[in-house]
Amino acid sequence: MAEISFYHVTRQAPLQALARLMEKVYGQGLKTVIRAGSEERVKEVDTYLWTYNPASFLPHGTANSKDKSLQPVYITADEENPNAATVLALLDNVLPETMNGYERVLYLFDGQDEGQTRTARQHWKDLKEQGHSLAYWEQQEGGGWKRSA
């Protein structure tokens, strides 16, 4: 069963936090699927990852990419893992039907959005009751993370 880490984003925009986390995951040589709540959000994440830092390059793709299996970071709104990723990043309070095949799950939620925070708390409770291994990461000043649970 995958370890599920909840990232409570409070010090920067959620996409900025996502990009920094994806840089770390990519730097470890791991493949990721980013699961967003809608196709519009997929486009927003895709655009952001191409433009967020002119000095950096984070290779990624979407359903429009030629060879999805080669993408180190794949962005989707569907339950798919075409790049055989071991890391799943969840946005928009998306909770997939299954997390089988993933070693780590990163659940990012916007701490400035009361609705997202409330839903994340409910997901935490539900996943804990299902026996999942959970961790809570609190964002620190400067955008870094501190594990609290």
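Everything numeric here is computed off the predicted structure, so don't read it as measured data.
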Check your understanding: Hey, does the side chain of Ser65 reach the backbone of Lys68 with a donor-acceptor pair shorter than 3.5 angstrom?
Key ->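 No; judged by distance alone, with no hydrogens or angles, the pair does not exist.
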Side chain Glu138, main chain Arg147, donor-acceptor under 3.5 Å:
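Not confirmed, Glu138 side chain does not pair with Arg147 backbone.
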Got [X] and [Y] here, is their nearest side-chain heavy-atom distance under 4.5 Å?
X	Y	answer
Phe109	Asp92	no
Leu106	Val87	yes
Val33	Tyr102	yes
Leu134	Trp124	yes
Ser69	Pro82	no
Leu127	Met99	yes
Gln116	Leu91	no
Pro96	Leu88	yes

Discussion item. If the threshold is 4.0 Å, N to carboxylate O, is there a salt bridge linking Arg35 and Glu80?
Written reply: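 No, Arg35 and Glu80 are not salt-bridged.
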Q.
Just by distance, no angles: are the side chains of Tyr74 and Asn81 close enough, under 3.5 Å, to form a donor-acceptor pair?
A.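 Short answer, no.
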Between Thr119 and Leu95, does the side chain to side chain contact (heavy atoms under 4.5 Å, CB included) criterion hold? Intermediate values first, please. CA-CA 10 Å; Thr119 301; Leu95 200 58; over 6 Å; no
Could you pull out all donor-acceptor pairs under 3.5 Å where a side-chain atom in residues 1-11 meets a protein atom, sequence neighbours excluded?
residue	atom	partner	partner atom	Å
Ser5	OG	Trp137	NE1	3.4
His8	ND1	Tyr136	OH	2.5

Please tabulate, one pair per line, all N/O donor-acceptor pairs under 3.5 Å involving side-chain atoms of residues 13-29, not counting sequence neighbours.
residue	atom	partner	partner atom	Å
Arg20	NH1	Gly142	O	3.0
Glu23	OE2	Tyr52	OH	2.3
Glu23	OE2	Ser56	OG	3.1

task: Using a cut-off of 6.0 Å, state whether more than 12 heavy atoms not belonging to Lys31 lie near its atom NZ.
output: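 Atom NZ in Lys31 is crowded, with more than 12 foreign heavy atoms closer than 6.0 Å.
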Pair Lys66, Leu70 - check side chain to side chain contact (heavy atoms under 4.5 Å, CB included), show working.
CA-CA 9 Å; Lys66 289 185 181 181; Leu70 297 178; over 6 Å; no
query = Among pairs that include at least one residue of residues 117-134, which meet salt bridge (charged side-chain N to carboxylate O under 4.0 Å, His left out), considering only residues two or more places apart or in two chains?
reply =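 The answer is Glu114-Arg118.
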Within this structure, what is the [atom1]-[atom2] distance for the pair [X] and [Y], rounded to the nearest 0.5 Å?
X	Y	atom1	atom2	result
Thr62	Gln71	OG1	CD	8.0 Å
Thr76	Asp46	OG1	CG	11.5 Å
Leu108	Ile34	CG	CD1	9.0 Å
His123	Leu90	NE2	CG	9.5 Å

| task | Would you sort out whether Glu40 and Lys43 count as a salt bridge (charged side-chain N to carboxylate O under 4.0 Å, His left out), showing the intermediate values? | result | CA-CA 5 Å; Glu40 293 77 25; Lys43 291 175 187 171; 5.9 Å; no
- prompt: Ala77 and Val42: which non-hydrogen atoms are nearest, and at how many Å?
  reply: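 Looks like N-CG2, 3.5 Å.
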